[in-house]
Amino acid sequence: MTDVALIGFLQYLDLIGVLFNAIVGAVIARNARLDPLGLGVLAMMSGLGGGLIRDTILQAGPPLALIDWRYFTTAIAGAFIVTLVHIEGRWWERIYIPIDALAVGCWAAAGAAKTIGLGHGWLPAILMGTITAVGGSFVRDMVLRQIPSILGGNTLYATWAMVAAAITVVGARLGYTAAGSVVATLVGAGLVLLSRYKHWALPQ
Amino acid sequence: MTDVALIGFLQYLDLIGVLFNAIVGAVIARNARLDPLGLGVLAMMSGLGGGLIRDTILQAGPPLALIDWRYFTTAIAGAFIVTLVHIEGRWWERIYIPIDALAVGCWAAAGAAKTIGLGHGWLPAILMGTITAVGGSFVRDMVLRQIPSILGGNTLYATWAMVAAAITVVGARLGYTAAGSVVATLVGAGLVLLSRYKHWALPQ
Amino acid sequence: MTDVALIGFLQYLDLIGVLFNAIVGAVIARNARLDPLGLGVLAMMSGLGGGLIRDTILQAGPPLALIDWRYFTTAIAGAFIVTLVHIEGRWWERIYIPIDALAVGCWAAAGAAKTIGLGHGWLPAILMGTITAVGGSFVRDMVLRQIPSILGGNTLYATWAMVAAAITVVGARLGYTAAGSVVATLVGAGLVLLSRYKHWALPQ
């Protein structure tokens, strides 16, 4: 594939991540018995929060979610799906787990690539990649008065997001931004899936 | 009225909204037994938070609250009023309820008009209008460890803020930004008052 | 000392403040039984949060913490120190209390000086100085589901940060930005120490 095709592929993955994370946020809102508007807000926070925080910190123009209408539309679509369809059970987990894993990897890669592209160093790039990947769920947990699960839970999302961001940085330094992002996405997703099935946790 | 007069009228309404919401924040802080500084912080968050979040996300220059000294001064005045005057009872509710309703409508219109004016589409404009109107109370609730009332409470503030923002967008598209903002403010305020007296709520 | 030497001195104090506040954040994370990643996140929030919020609101380019690699490195070093060394007891308090006090003063001065330098007025400068000084601990407390201690606790950090910021503003207006910042830092630190030993509190 050419670089253009790779980047197009990653953009679709990015939007699919928005859709699935918006659905997760909406499901959590429904379980917390929020009203339809609260459900919409939580869907948008989960799906768009990480990128919004990233773009607000980077200060390189208005957030992507404001400029590109597909982001909002996708997040709102996620909220509607949850209000219309009964999202639960085995079939949902079978779809959700791998796509959620891909979204973590893809968001980490996108955040790191954007930060590198703006001329920042590798340390900010890894941080912004991680914030992109976990920022939405962090904010969502805070709003629901929970200590964000990435801080002390057993998911290793943030750790693997850092790894995916680091791979992206290395790829960009070697001149292969697009290919590096794809490799980062796949490695990040693979590690998320592995640690889920193996019940890995950080030592306390 | 000319457009200039209309915009001037809305700016005063905007500041009156800051004053009243700062008072609300300060009253809540006093009831939560915060110290005078906490009271000032909550007053500023309630009165200026929505616009601050809007301007930080839009990234079109420093927030209005930093550039225009009247915003800070008004919010601080609200905090002082609460420390000096005993704000409570029927007369306060009689003044507060209509002005609070006008502030929701006016802030939603101001946020949507600013977003449209920066060249963004109707979807971001409605979102930023809503954030302007409810952002301050959202942050205030979070700081006090409450699930933000707009997410699951019975107030329909956010819903009517969206309606007011949408009216503003339509007005701006038709070439009547100022008149549309005034209509949006009045319709938004009317709907807030109606839903308060009729005890409307979103279905769960 | 020349102005250049004074500013260099304040920059080192700034970084020492980052280090010590990152250590405080990491100690709190360890006591809250967060995993190593949560410890790192809390260390970064404590050490860098105030400046990050300041720079995001000021919108005068990407945050200092992104541009200057020493900030991240210092915050991460603070996290590592806590995981490797047993930070507790009298010797830690003897070092920590004065340096924490200096950091409050120094951060308030730095935030106020930067805001003034961007051409904003004295009111925003005092606010941004205060946010720089207490923003990190504010966010850290919120993440851990506590009402931020600066809102109702007995520490007068925010009050003395406002005083230090005000001194910086006066100094800058008189043409002595660097000297004013040093005086502000020392006065702010002195007041923090005094109110700690005298058990001063704001009246409720």
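Along residues 184-192 of chain C, no residue comes nearer than 4.5 angstrom to chain B, judged on non-hydrogen atoms.
Residue pairs that meet the ring-ring contact (aromatic ring centres under 6.0 Å, His included) test with at least one member in residues 19-51 of chain B, sequence neighbours left out, do not exist here.
Within 6.0 Å of atom OH in Y96(C), more than 12 heavy atoms from other residues, nucleotides or ligands are found, so the atom counts as buried in its surroundings.
Looking at L66(B) and M128(C), their side chains come closer than 4.5 Å, going by heavy atoms from C-beta outward.
Using a 4.5 Å cut-off between heavy atoms, A29(B) does not touch chain C at all. Within the 4.5 angstrom heavy-atom criterion, no atom of T83(B) approaches chain C.
The candidate with the highest count of non-hydrogen atom pairs below 4.5 Å against chain B, out of D141(C), I57(C), T130(C), L58(C), is I57(C).
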Listed pairs under 3.5 Å, donor-acceptor, residues 106-121 of chain B side chains, sequence neighbours left out:
unit_1, atom_1, unit_2, atom_2, d
W107(B), NE1, D14(B), O, 3.4
W107(B), NE1, D14(B), OD1, 2.7
K114(B), NZ, D55(B), OD1, 2.9
T115(B), OG1, G111(B), O, 2.7

Under 3.5 Å, which donor-acceptor pairs link side chains of residues 37-52 of chain C to any protein atom two or more places apart or in another chain?
unit_1, atom_1, unit_2, atom_2, d
S46(C), OG, L42(C), O, 3.0
S46(C), OG, R140(C), NH1, 3.2

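Rounded to the nearest 0.5 Å, atoms CD1 (I76(B)) and CG (L123(C)) are 4.5 Å apart. The distance from the CG atom of L156(C) to the CG atom of D35(B) is 7.5 Å, given to the nearest 0.5 Å.
Across every non-hydrogen atom of P63(B) and Q59(C), the tightest pair is CD-NE2, 4.5 Å.
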